[in-house]
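Okay, structure first, notes after.
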Amino acid sequence: MSIHEHYMARALCIAERGLFTTDPNPRVGCVIVKNNQTVGEGWHQRAGEGHAEVNALHAAGLLAKDADAYVTLEPCSHFGRTAPCADALIKSGVKRVFVAMEDPNPLVAGNGINRLKESGIEVSVGILEQQAKELNPGFCKRMQSGRPFVRSKMAMSLDGRTAMASGESKWITGPAARQDVQKLRARSSAILTGMGTVLEDDPALTVRPEGDWYHDKQALRQPLRVVVGSQNLPQSARLFDTADAVILATSSQCNAEVKEDVLLLAEKDGQLDLAALMSELAAREINEVMVEAGSKLNGALLEADLIDELIIYMAPKIMGDSAKGLFHLPALQTMAQNIELTITDIRAVGKDWRITATPEVTKVK
């Protein structure tokens, strides 16, 4: 590892501290280095508060002059909730700026880098670029495609079953896996489920941090809960136990006397247009969507090529032939139609295994 990669790796590590809090902004870290010594560090903590560069420069003080700055995302060049970070770096007198990746936000998209160069600052781009992109999959996808990054979480037995024929599913996995799911919820902008799951399981779909992994529990951010369905939600549902927002995404006219917000969308092929739903969520600055649903909604999302990542917790249990499967895909009839997955990670979580995979484009249409 080069010295530049070393300091950028540190900046990425710092940026990850904002994993649960920066939404809808990206997670960004910055390290200020002078004479091979770190003189300032900072990361973006919450939207509306100081960006990583500003926080790092504040920590460095006068030592920032003629120093090097390592930042995981191109410094912004526009006025938003805060002033441009590119201007702050220029004013500080830093000599060089090392950037992991260009900002995919069209409002920036190279303008921050150009502004630094025009002021006489030497700029290098692309150090640990892939790692920087992996830190902000939702922000990058929303800016580039107008859709959020969709991550489907599922739990299954060793024989690929998610619930007994009766619908009973508590608990397939152990405590460690269930706590791991809380971390996935905490990093998500929204949680998507179906009406069937609400009626059968009555989930709260809230972040319930235990232990010390959530550093600031007093500032806990709950994700938006989105339910896909054709009828009103039961007003006694646990979704309404907190004051946090709940949206019903539907293609049907529903009673206005409800607790949830209703998002009326068109149908496509006889069902709710899920691609339109994703576009609408992106328009509401939703970066990462976590799907916690049954086989029908997961199957529809997979068939529509809307799932970017699958996280499957596999428990060392056998549930039998009559139990329910992962995906409802009745159109899949031949081996030529199979949906291939690329497994990117497998690791033990307590007594269970967590499999992370990305689906290839489906051949089922």
Checklist outcome for this item: side-chain contact (heavy atoms from CB on, under 4.5 Å) filter on P203, not counting sequence neighbours, yields T197, D201, L205

Checklist entry - Partners of Q222 by side-chain contact (heavy atoms from CB on, under 4.5 Å), sequence neighbours excluded? => result T206, V207, L220, D244

Item to check | Polar side chain donor-acceptor pair, S152 to N298, under 3.5 angstrom | outcome: yes

Next on the checklist: Under the rule for salt bridge (charged side-chain N to carboxylate O under 4.0 Å, His left out), what residues qualify as partners of R96, not counting sequence neighbours?
Outcome noted: D68

Taking only distance into account, with no hydrogens and no angle test, what donor-acceptor pairs under 3.5 Å do side-chain atoms of residues 265-272 form with protein atoms, sequence neighbours excluded?
unit_1: E267; atom_1: OE2; unit_2: S251; atom_2: OG; d: 3.0

Item to check | All salt bridge (charged side-chain N to carboxylate O under 4.0 Å, His left out) counterparts of R17, not counting sequence neighbours | outcome: none

Sequence neighbours excluded and cut-off under 3.5 Å, please list the side-chain donor-acceptor pairs for residues 28-42, or say none.
unit_1: K34; atom_1: NZ; unit_2: K65; atom_2: O; d: 2.9
unit_1: E41; atom_1: OE1; unit_2: R10; atom_2: NH2; d: 3.0
unit_1: E41; atom_1: OE2; unit_2: R10; atom_2: NE; d: 2.8

Checklist entry - Hydrophobic clusters join Ile, Leu, Val, Met, Phe, Trp and Tyr when side-chain heavy atoms are under 4.5 Å apart, directly or via other members; which others share one with L62? => result none

Next on the checklist: Closer than 4.0 angstrom, basic N to acidic O: yes or no for E118 and R115?
Outcome noted: no

Next on the checklist: Just to verify, what does R185 make a salt bridge (charged side-chain N to carboxylate O under 4.0 Å, His left out) with, not counting sequence neighbours?
Outcome noted: E292

Item to check | Residues forming a side-chain hydrogen bond (donor to acceptor under 3.5 Å, both in side chains) with S236, sequence neighbours excluded | outcome: none

Next on the checklist: Suppose we screen for salt bridge (charged side-chain N to carboxylate O under 4.0 Å, His left out). Which residues come up paired with E129, at least two apart in sequence or across chains?
Outcome noted: K133

Checklist entry - Among all residues two or more places apart in sequence or in another chain, which pass the ring pair (Phe, Tyr, Trp, His ring centres under 6.0 Å) test with F149? => result none

Next on the checklist: Assess, by modelled atom type and distance only, whether the side chains of T342 and E360 contain a donor and an acceptor separated by less than 3.5 Å.
Outcome noted: yes

Item to check | Pairwise ring-ring contact (aromatic ring centres under 6.0 Å, His included) hits with a residue in residues 84-139, at least two apart | outcome: H4-F98, Y70-F98

Checklist entry - Any ion pair linking E288 and R147 (charged N to carboxylate O, less than 4.0 Å)? => result no

